[in-house]
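Structure first, then comments.
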Amino acid sequence: MTKNRPTHAYDSQDLWQKDKDHFIHPFTDFSLFNEKGCDLITDSEGIYVEDVRGNRFIDGIAGLWCVNVGHGRAEIGQAMADQATRMAYFSTFNNLSNAPATELAAKLAELAPSHLNHVFYSCGGSTANDATIRLVHYYFNRLGKPTKKQILSRNNAYHGTTYMAASLTGIESNNWEFDTLDHLVTHLSEANCYRRPEEMTEAEYCDHLVDELESAIERIGADNIAAFIAEPIMGAGGVLMAPQGYHARMQAVCRANHILYIADEVVTGFGRLGHFFASEAVFDTQPDIINVAKGLSSGYAPLGATLISDELYAVLSTPQGPGGVLSTGFTYSGHPVSCAAALKNIEIIEREGLCEHVRDIGPYLERKLKTLAAHETIGDIRGSHFMMAIENVADKATKELLPVEARVGDRVAAEAQKRGLIIRPVGHLNIISPPLIWTRQIVDEVVAILDESFAATTLSLKADGYL
């Protein structure tokens with residue numbers, strides 16, 4: 001890492017022990033953590049991160065789908081410092097505001113589809129989705145339609161881990177032994193072209209999924225359904241690609257039944273697919289609501305936002321009566337330091353043409369990754385631009401999975417990390433979601449590492465009797 005940047009010497013063993021003793025990590029596998037603890041990342045710059053022992057890695061997951069402009073952007077840090085020095089925080093409740101939150105709301109309205117002109121701030125993706133459902137229910141209450149409460153989501157969807165967001169999430173293992181608000185959510189089938197019924201063409205599969213939505217509406221009753229929520233490309237559920245035309249057709253059915261269409265662009269927004277917002281530009285939809293976080297600030301500060309249509313705002317902004325207020329929000333809604341970070345982040349994306357860069361390099365990344373398909377354990381390589389996944393299988397022909405105890409995703413990720421690359425294991429999957437500043441040269445280096453890593457994984461699986 002650059003030597004003139006701030007550094008701090010850590011006692012690696014002391015830090016490792018403190019982490020193991022006191023930090024409850026999200027999505028911890030305690031069968032591993034209790035013995036091995038965590039790898040501690042302490043430094044970062046550009047596309048690289050460094051652990052506490054000084055080992056350097058290519059960041060293949062952009063922190064967690066989010067460090068879109070890359071690490072160590074001094075101008076974002078300076079924008080945050082300047083704002084913190086000028087005014088770190090003041091409430092946005094009760095007709096108070098601040099300059100960064102106001103400027104960012106206007107900028108988001110400029111970038112978003114033309115009817116999404118109003119912004120409600122939260123602290124991240126989960127809270128954005130949670131707040132959205134509360135606002136949607138309030139919206140229909142204000143319209144005199146209090147029975148419209150059901151939210152349609154999808155199996156293997158990921159919308160977060162706060163109570164409502166976890167209920168929207170359709171990844172079964174995410175909610176083992178956790179309670180969910182099942183009475184408010186109905187899950188439909190995920191759109192998974194790789195595992196669609198063999199007898200169906202992609203077009204027939206799309207018809208099947210649309211028919212399922214229509215059947216669910218008929219069964220539940222449109223008067224009882226408030227909204228359908230969907231990621232343009234399903235993220236943590238496996239980077240699942242829907243069939244051509246799926247999103248536009250699902251939205252059309254929702255519109256015909258007075259059901260709101262919510263696009264969860266927490267991952268796909270801010271350049272990952274080559275556009276600030278993918279819903280309209282890539283998938284030909286005009287959502288009533290778009291939720292964003294992650295790439296909004298490139299992870300430099302916690303921030304989420306719900307972009308709301310003019311039609312919804314007209315209802316939300318009408319007082320219930322004398323003294324009535326929109327009584328929802330967060331202490332940190334529109335936090336000035338986070339909003340300052342987001343404004344500078346957006347400035348960098350625009351100035352450096354990162355959306356255009358992704359549209360150029362993304363197809364190259366897709367093509368190069370697909371050269372790995374010859375490996376014995378790789379069943380599918382899918383995704384779009386800088387949002388990709390590799391699905392590992394025991395048998396390519398039958399698509400049968402390896403047993404859970406084989407930990408195939410973990411094995412591949414560990415082999416890659418040995419070779420200087422961090423990718424994300426999710427069960428039998430490996431996800432690549434890099435900073436948007438990767439070049440062709442870096443793509444070539446990454447694919448070479450992955451080639452070696454899958455070869456080594458195949459050998460280890462055979463040695464352990466799994467293949």
Side-chain angles (χ1 to χ4, degrees), residues 46-47 58-71 73 76 107-108 110-114 116 191 193 230-235 239-248 263-287 290-299 307 342-372 381-390 423 431-447 450:
I47 65 164
I58 297 170
D59 177 6
I61 57 173
L64 189 62
W65 311 96
C66 61
V67 187
N68 288 8
V69 299
H71 299 276
R73 292 279 192 162
I76 298 181
K107 186 64 180 178
L108 292 174
E110 174 193 321
L111 294 170
S114 60
L116 297 173
C193 284
E231 305 154 271
I233 296 176
M234 298 176 80
V239 188
L240 300 180
M241 300 287 292
Q244 185 72 28
Y246 165 88
H247 287 287
D264 181 345
E265 290 224 43
V266 167
V267 172
T268 57
F270 297 91
R272 188 145 299 280
L273 301 184
H275 300 272
F276 275 101
F277 296 93
S279 292
E280 187 172 53
V282 181
F283 298 99
D284 193 28
T285 57
Q286 295 80 39
I290 292 179
N291 290 330
V292 294
K294 293 190 183 293
L296 170 58
S297 67
S298 278
L307 281 64
L343 282 165
K344 184 58 68 173
N345 173 63
I346 291 169
E347 179 188 317
I348 290 170
I349 293 173
E350 290 187 316
R351 185 181 72 227
E352 297 186 2
L354 291 183
C355 288
E356 295 83 354
H357 177 76
V358 170
R359 294 201 296 272
D360 176 35
I361 302 298
Y364 183 74
L365 173 61
E366 294 175 41
R367 289 196 302 273
K368 292 295 288 187
L369 285 174
K370 287 178 180 178
T371 65
L372 301 171
I381 300 166
R382 59 177 174 261
S384 178
H385 293 77
F386 277 36
M387 186 177 180
M388 300 294 296
I390 298 172
I423 58 174
I431 289 174
I432 298 98
S433 58
L436 308 186
I437 57 174
W438 271 17
T439 62
R440 283 176 171 78
Q441 180 181 350
I442 295 300
V443 169
D444 291 346
E445 184 178 349
V446 164
V447 172
L450 289 173

Side chain Ser279, main chain Thr285, donor-acceptor under 3.5 Å: no
Working for side-chain contact (heavy atoms from CB on, under 4.5 Å), residues Trp438 and Ile432: CA-CA 12 Å; Trp438 271 17; Ile432 298 98; 4.1 Å; yes
Any non-hydrogen side-chain atom of Glu350 less than 4.5 Å from a side-chain atom of Leu111? yes
Where do Pro434 and Leu365 come nearest, in terms of heavy atoms and distance? CG-CD2, 4.4 Å
Decide yes or no for Val69 and Ile76: does some side-chain heavy atom of the first lie under 4.5 Å from some side-chain heavy atom of the second? yes
Do Phe277 and Val292 have side chains that get closer than 4.5 Å, going by heavy atoms? yes
Minimum heavy-atom separation for Leu240 to Ile233, with atom names? O-CG2, 3.6 Å
Are Ile423 and Val446 close enough, and set up right, to give a side-chain contact (heavy atoms from CB on, under 4.5 Å), and what steps lead you there? CA-CA 10 Å; Ile423 58 174; Val446 164; 5.8 Å; no
Smallest heavy-atom separation, Phe283 atom then His247 atom, equals CD2-CD2, 3.7 Å
Looking at Asn345, is its backbone amide N or carbonyl O close enough to the side chain of Ser298 to form a donor-acceptor pair, meaning the two atoms are under 3.5 Å apart? no
Do Ile381 and Ile390 pass the side-chain contact (heavy atoms from CB on, under 4.5 Å) test, and can you show the C-alpha distance, the side-chain angles, and the key distance before you say yes or no? CA-CA 5 Å; Ile381 300 166; Ile390 298 172; 4.2 Å; yes
Would you say Ile349 and Phe276 make side-chain contact, with heavy atoms under 4.5 Å? yes
For the backbone of Leu64 and the side chain of Lys294, can you confirm whether one donor and one acceptor N or O come within less than 3.5 Å of each other? yes
Determine whether Ile346 and Lys107 make a side-chain contact, defined as any pair of heavy atoms from C-beta on separated by less than 4.5 Å. yes
Is there side-chain contact between Val358 and Arg272, with heavy atoms separated by less than 4.5 Å? no
Between Asn68 and Gly271, is there a donor-acceptor pair closer than 3.5 Å when you use the side chain of the first and the backbone of the second? no
Check for a donor-acceptor pair, side chain of Gln286 on one end and backbone N or O of Pro113 on the other, with a separation under 3.5 Å. no
With the side chain counted from C-beta on, respond yes when Ser433 and Val267 share a heavy-atom pair under 4.5 Å apart, and no when they do not. no
Can you tell me how far the NE2 atom of His385 sits from the OG1 atom of Thr268, to the nearest 0.5 Å? 12.5 Å
At what distance, to the nearest 0.5 angstrom, does CG of Asp264 lie from CE of Met234? 10.0 Å
Carefully, step by step, assess Asp444 and Lys368 under the rule side-chain contact (heavy atoms from CB on, under 4.5 Å). CA-CA 7 Å; Asp444 291 346; Lys368 292 295 288 187; 3.2 Å; yes
Write out all pairs satisfying salt bridge (charged side-chain N to carboxylate O under 4.0 Å, His left out) with one or both partners inside residues 354-367, taking only residues at least two apart or from two chains. Asp360-Arg440
Could you tell me which non-hydrogen atom of Ala242 sits nearest to which non-hydrogen atom of Cys193, and how far apart they are? C-SG, 3.8 Å
Could you tell me which non-hydrogen atom of His357 sits nearest to which non-hydrogen atom of Ile437, and how far apart they are? NE2-C, 4.0 Å
Indicate yes or no for a side-chain donor-acceptor contact from Arg382 to the backbone of Ala389 under 3.5 Å, with no hydrogens or angles considered. no
Minimum heavy-atom distance Met387-Gly235, with the two atoms named: CE-CA, 3.8 Å
Would you say Leu108 and Leu296 make side-chain contact, with heavy atoms under 4.5 Å? yes
